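Being a predicted model, the structure only gives us computed values, none of them experimental. First the proteins, then the strands, lettered A, B, ... as listed; each starts at 1. Side-chain atoms are counted along with the backbone in the values below, which use heavy atoms only and exclude waters and symmetry mates.
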Protein chains: 2
Amino acid sequence: MSWRKEQRRAERGYHHGNLKEALLQAALGLIAEKGAAGFTFADAARMAGVSAAAPYRHFRDRDELLSSIAQRGFEQFEARLSAAWDDGRPDTVTAFERVGKAYLAFAREEPAFYNAMFESGVPVDANAALQAASERAFNVIRAAAERLAALTPPGTPRPPAMMMALHIWSMAHGVASLFSRGDAARRKLPMSPDELLEAEVLIYLRGLGFPIDRRPPAKGAQPPPVPPEAPSGSGVPPGGPWGKPK
Amino acid sequence: MSWRKEQRRAERGYHHGNLKEALLQAALGLIAEKGAAGFTFADAARMAGVSAAAPYRHFRDRDELLSSIAQRGFEQFEARLSAAWDDGRPDTVTAFERVGKAYLAFAREEPAFYNAMFESGVPVDANAALQAASERAFNVIRAAAERLAALTPPGTPRPPAMMMALHIWSMAHGVASLFSRGDAARRKLPMSPDELLEAEVLIYLRGLGFPIDRRPPAKGAQPPPVPPEAPSGSGVPPGGPWGKPK
DNA sequence: CGGCTCATGTAAAGGTCGTTCACATGAGCT
DNA sequence: AGCTCATGTGAACGACCTTTACATGAGCCG
């Protein structure tokens, strides 16, 4: 079994050259497989082909590696939410919906990052950079909420954007955490997490007075979902995010 | 250091007498202190005054202890949600709100249970009893949603109760998980988690067509009778869940 | 009352981890 | 060519999880 290590050594020499990056990648894979709790520093080192002590040249301890991953996660998260938001194009509500979907997509497609960010026990304030990254990601939601709040139809009280942002975040995180990942996904559901979240957000927005028409996740092209920022006078249209009344 | 063990032995004899229960209690305390990840089987044994191997007479392994705790947690959770629901008294909406508060209160007051139930990585289906307990707890929310759905004002489409229940659960879990516990609570908020969730649920319910007046837990009842509910010190000022429009 | 049995506890040992420390290596600069 | 310092190694420590062989004694049976 030792030839393996010798071979590695032969291949890459005494110095790895890019160990820090290799460790981050290895950890990412391991977390995706076994969760942040199951991931071990030693495994990451083995996977990178170095001794168990080597990682300590690049990370103070296991927790620092974990919080580095969480930080990167928040950065990618911000990028994806930003892209989804696309500065509110083509219209605010549609873009807002897209952000919600992007949230779930990230949780689903990047389980390792999501795990490190929200389920690993790494405190948000473990690290200034981590905290900053986390806030930048949240600020995407916050900015979107700001724009949405500014659109409240006349006659309706305008909700604080911060509160809206927190609400949306809690919905997205709740759905992702309960129904959309790992063993949590084993709960039997009458609909997909995406549909669940979409309906939830639409109902919520309607509760705020937004004129939301019925339009689940369907793609069947209807008229432009919401005419560009023109609050139609209609109250609560028939139908609803969940389909036809019974 | 060994006199300690000897003394324990002297106090209680070779056989502990109630080790299983003692281990559960010890684990509960340790989880509350250091989280499910930080809790160790050995520590629990030490705390109960037995050798490290003794717990294996009562639990197959560490995970089984954890899932036992999760199961008990779901049982107590169900009890508290049921009590809060109180079969919909005095009126459905008020009782529903109370369930939401009870959810957060449980997450806050029983961090060890909540941790074991939702954040420990124990899969819900690790154990048939665990899964059953989890479903019973959810069924309280589901039953409440059912009653609420039956109340939808005429002319409004009736949402599926199951979906409502899942929405409410995701909101409560999202708020609890992000803002109401441990280091997550370190995020700075413009309002308390309780207020946040309450506003969120009210807005959601309004989105479903419920005639929610713009003032959550207040006592001065308007159309819906809200007699003597404890004001619960909610700091939500008049003017709706979010305050006055600007 | 005496003895048997089996649930319950103990000690010891093997394996894995996280972490530290003294030492080895070699890449890059002078 | 030689020096230096970042980077990697191996060995060692203590803690944990888990298994195994053995010890204890509570409860039952005759």
Figure out the [atom1]/[atom2] separation between [X] and [N], and round it to whole Å.
X	N	atom1	atom2	answer
B:F59	C:dG9	CZ	P	11 Å
B:H16	D:dG25	NE2	C1'	16 Å
B:L23	C:dG9	CG	C1'	12 Å
A:L30	C:dC17	CG	C1'	14 Å
A:L65	C:dG18	CG	P	11 Å
A:E64	C:dT20	CD	P	12 Å

If the threshold is 4.0 Å, N to carboxylate O, is there a salt bridge linking A:E75 and A:R80?
no

Ion pair check, B:R98 and B:E198, cut-off under 4.0 Å
no

So which atom in [X] and which in [Y] form the shortest heavy-atom distance, rounded to 0.1 Å?
X	Y	result
B:L178	A:S170	CD1-CA, 4.0 Å
B:L19	B:A48	CD1-CB, 3.8 Å
A:A161	A:A145	O-CB, 3.5 Å
B:R89	B:A95	O-CB, 3.6 Å

OP1, OP2 of D:dA15 versus side-chain N and O of B:R46: anything below 4.0 Å?
no

Check whether any side-chain nitrogen or oxygen of A:H58 sits under 4.0 Å from OP1 or OP2 of D:dG8, and answer yes or no.
yes

Looking at every strand, decide which applies to [X] at a 4.0 Å heavy-atom threshold: base, sugar-phosphate, or nothing.
X	result
B:T40	sugar-phosphate
B:G38	nothing
A:A54	base

Measure from the side-chain heavy atoms of A:D43 and tell me the nearest of D:dT9, C:dT10, C:dC17.
C:dC17

Could you tell me how the ring of A:F118 sits relative to the ring of A:F74: parallel (under 30°), tilted (30 to 60°) or perpendicular (over 60°)?
perpendicular

Could you write out each protein N or O paired with an N or O of nucleotides 18-20 of chain D at a distance under 3.5 Å?
unit_1: D:dT18; atom_1: OP2; unit_2: B:Y56; atom_2: OH; d: 3.0
unit_1: D:dT18; atom_1: OP2; unit_2: B:R62; atom_2: N; d: 3.2
unit_1: D:dT18; atom_1: O5'; unit_2: B:Y56; atom_2: OH; d: 3.4

